[in-house]
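Both ligands and their constituent atoms are indexed starting at 1 by order of listing. Note that the structure is a prediction, hence the values are computed from the model and not measured. Only this structure's heavy atoms are used, side chains among them; waters, hydrogens and symmetry mates stay out.
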Amino acid sequence: MGFGEFLGNERIVRALQGMLRRERVPSALLFTGPRGIGKYALARMFAQAANCERLRGDFCGECSSCLRVARLANPGKLIEAGLTERGESADAAAVERTPLIIETHPDVWLIVPDPVRLRTPVARPMIRVGQLRAVQRAAYFQPQGRRRLFILDGADTMRWDDADLFLKILEEPPESSTLILLAQRPDSLQPTIRSRCLQFHFAPVPVDQIETFLKRRTDVKVAKPELVAQLSGGSPGAALSLDVAESFRFRKTVLRLLEQAVAGEKYGDIFASTTQLAKQEKESFENVVSVFYSFLADLLEVSQGPQKGFLRNPDLRREVESLGEKVNWEWVLRATRSLDTLEGRLRRNIGRQLGLDSFAASLGVR
Ligand SMILES: [Zn+2]
């Protein structure tokens, strides 16, 4: 047990361990990086190490403090229990009055985007002002152990108006508390918040490390670990939850759109494909964009010559190579720029259907 169990991003782990050993822990940390890269796992380990009864700068995983924090490893059931306790028919006021807080250790809180579905408006899961107020109060309590920790998963879902309240905690930080904010992209947080946190960006874990990690897992059996590691985009969490057959179907749909556009099919047919893709849930729609990027990277790779290099979609190599014969690298660069535009529009919440349509329309081979 201990930080040695954590996969990848060794530099970040060493920096965190150094802080704990010297007992110079900042009041706010910000972990950024893609989904499944290990931000949450490392935040939880940090909370264990900050309060471990036996070790300093690491954690034993066996003392009562470590065991209590370890229960946060699979928060799904705890979140369900919290929602049930609050009652199914919570209205907006009740949601703020009874904020969703996951606590398995008196000094460690987990705050997640509240998934409550209010009738009007239908809100996406987000960190609510009630949760922030609770953190604001509790941050000034004396810890029972050594340090109070507040892990804010999905910190980028808090409303920017509410973030001002949050800023107050960051501006007058209590000495014995640390907030750990988790977000995929640093620019999704207000600059005033970002600048008050010590920021760590998590890099993709090398493919061979993920493959070894999958092969060594005893709790889950992963079929085709080599392929899964390649498809994971350097994210151990994504690797563990990846459904190879589903992923194949999904990527094939995305590839089909590229093939149609390159073949110069009628707009009516192309737009039927974009409509299908635009219907994805928000989460997998973000994935659509990253899958497009992965195909463009593969096309660039195969344009260097046949049978070389590593493909991000190794199970679709034949299809990628055949499409690669119809385009040149200038086309790939142009398509990448169009995709950057699409991504920018989506970040500003401009209609995804329209964005996808104009992206597809820009892909014709001139
Ligand atoms: Zn311990």
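At distances below 3.5 Å, not a single donor-acceptor pair connects side-chain atoms of Lys326 with backbone N or O atoms of Ala263. Remark: side-chain polar atoms of Ser188 are paired, donor with acceptor, to backbone N or O of Arg185 under 3.5 angstrom. Looking only at distances, no side-chain donor or acceptor of Asp153 sits under 3.5 Å from a matching main-chain atom of Val112.
Under the 6.0 Å cut-off for aromatic ring centres, Phe3 and Phe46 do not qualify, their centroids lying 6.0 Å or more apart.
Evaluation of the side chain to side chain donor-acceptor pair (under 3.5 Å) test over residues 140-150, restricted to residues two or more places apart or in two chains, returns Asp107-Arg148, Arg147-Thr178.
Atoms of the protein (N, O or S only) found under 2.8 Å from the Zn ion (ligand 1) are Cys52 SG, Cys60 SG, Cys63 SG, Cys66 SG.
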Open item on the list: Set out, in order, the CA-CA distance, both residues' side-chain angles and the distance that settles side chain to side chain contact (heavy atoms under 4.5 Å, CB included) for Met126 and Asp114, then state yes or no.
Closed with: CA-CA 5 Å; Met126 57 184 293; Asp114 192 325; over 6 Å; no
